[in-house]
Protein chains: 2
Amino acid sequence: MTPTMNNFLLDEGAYAGEAGHPIPDIVIRRLPIYLRTLTALLEQNVTSINSEELAESIGVTAAQIRRDLSYFGKFGKQGKGYDVRFLTDEIHHILQLDRPWNCALVGYGNLGQAIVHYGGFVPTSFNISAIFDRNETIGQLVNGLIVKEVDDITDTVAELGIKIGIIAVPPSSVQAIADRLIAGGVTAILNYAPIVIKAPAHVMVREVDPIGAMQSMTYYLDDRG
Amino acid sequence: MTPTMNNFLLDEGAYAGEAGHPIPDIVIRRLPIYLRTLTALLEQNVTSINSEELAESIGVTAAQIRRDLSYFGKFGKQGKGYDVRFLTDEIHHILQLDRPWNCALVGYGNLGQAIVHYGGFVPTSFNISAIFDRNETIGQLVNGLIVKEVDDITDTVAELGIKIGIIAVPPSSVQAIADRLIAGGVTAILNYAPIVIKAPAHVMVREVDPIGAMQSMTYYLDDRG
DNA sequence: GGCTGTGAAGCATTTCACAGCG
DNA sequence: CGCTGTGAAATGCTTCACAGCC
């Protein structure tokens, strides 16, 4: 990817898969959305769906869904559409979500606590298997894990073979935390702070940026209000 | 914008400004990032910067910064670069961040609490001026605000003239909450739930989707790990 | 007959490269 | 002389439209 493989707002770059043509990152980022809708359909016992109907529930065009999927193979049947269960499994597989992933959480303040207790992580493939913080919370028992100190990040992450780091610390410490995670072998970072992390090209960073989202929405708001 | 003016992952559409050519939404979404870097530079007492240096700190190309800014006017001086303070103020103005915005928060669980207590909102133009929830928390005093019940959303939002809603409730209630916010006059929604909200075209919706971000990063991870 | 998968066209965004101003 | 602002080129993404399979 481009310069530092950073912020998803900035890097729209593609990634050259092992073989074949490069798959646009924007396509990869849509797959989780497809997955969610498909999962919801499964729960409603919908077993089959065509691209038109799927597009309608997701809010994209049918052509886009077909094109997106075509990067990865042929998952539908002409005249029929897609088998919901099958397509769900295939996307899970493409995204490597058909296996568990251990994650390290750094920062156990309000945000970190919300992340740990957020139910949305549970039905997914992600386990928080190490928590780090400064101050009082160190030593505390959370979800069967003892909160460790920030100095242990590199060693612990390396020992546990953790590849995914979640950063929920104040902006000023973010880069230092990222450096430690990367030193321990982390190659994917979810960053909750409004800071652009500098990372080597093999490390993927995605930002969660609610304030930026709000700041960009006000552009569209009518003045009076 | 396209169909329902929804999810930022889906809608890359542009918005026709009052006059002139349409400004791509992706440009609008980069402005907050520029703003942050500029603010940090100000704090370091950097008073002037050229597009090359600015690009370096942000992680984009210099041409992109110049092009992005050119949609809104001419803010630099040839041979000199940009005055940091001036450019900061201009972008604030473009995004309408030079005035306060009242926001309604719906959902006061772990996530909602993290949002309220998140320091990052404070130095920005956003005030949470109404909080809604179900259950025990109703009536509780938070930051000088009494948590109201969800049934009050439409009326309260209309009374206070609130234009921005923040949704931090479980997925199953999201659409109903959005409908009430919109009925009360909200035209910008920040949605923390992994659900695509259906909203009329004049309502802007942005998603905060950490799980989606993680699920799309695993695509790039090496298998062994 | 209906719907997928996909060339080819159409748009949108980024980057190049340089005229021209401070 | 350096750097902005911007036409024009290049690249990337989405949509059209239809051949061909089920």
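Below, read A as the first sequence line, B as the second, and so on, with proteins coming before strands; counting in each chain starts at 1.
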Would you please confirm or rule out a distance under 4.0 Å between OP1 or OP2 of [N] and any side-chain N or O of [X]?
X	N	result
B:Ser51	D:dC3	no
B:Lys74	D:dT6	yes
B:Tyr82	D:dG2	no
B:Gln78	D:dG2	no

From [atom1] of [X] over to [atom2] of [N], roughly how many Å is that when rounded to an integer?
X	N	atom1	atom2	value
A:Arg29	D:dT14	CZ	C1'	15 Å
A:Gln64	C:dG10	CD	C1'	15 Å
A:Leu54	C:dG5	CG	P	12 Å
B:Asn50	D:dC3	CG	C1'	7 Å
A:Glu53	C:dC3	CD	P	8 Å
B:Phe75	C:dG22	CZ	P	16 Å
A:Ile65	C:dC3	CD1	C1'	13 Å
A:Ile23	D:dC13	CD1	C1'	14 Å

Flag if over 12 foreign heavy atoms under 6.0 Å of CD, B:Glu53: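 More than 12 within 6.0 Å, yes.
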Other residues, nucleotides and ligands only: do more than 12 of their heavy atoms fall within 6.0 Å of CD on B:Gln175?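 Yes, because the 6.0 Å sphere around CD of B:Gln175 holds more than 12 heavy atoms from other groups.
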Calculate, to the nearest 0.5 Å, the distance between atoms OG and CD1 belonging to B:Ser57 and B:Ile49 respectively. 4.5 Å
Which nucleotide sits closest to the side chain of [X]: [options]?
X	options	answer
B:Ile26	C:dG5, D:dC3, C:dT14	C:dT14
A:Arg67	D:dC16, C:dT14, D:dC22	D:dC16
B:Lys77	C:dG22, C:dT4, C:dG5	C:dG22

Pair A:Asp25-B:Tyr220, side-chain donor/acceptor within less than 3.5 Å: yes
Between the side chains of B:Arg206 and A:Ser216, is a donor N or O closer than 3.5 angstrom to an acceptor N or O?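 The criterion, which ignores hydrogens and geometry beyond distance, is satisfied for A:Ser216 and B:Arg206.
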I want to confirm an ordering. Mapping B:Tyr71 and A:Gly73 to their closest nucleotides on DNA chain C, which one lands closer to the 5' end?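 Checking each residue's closest nucleotide, the 5'-ward one belongs to A:Gly73.
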Both A:Gly79 and A:Arg66 contact DNA chain D. Taking the nearest nucleotide for each, which residue is further toward the 5' end? A:Arg66
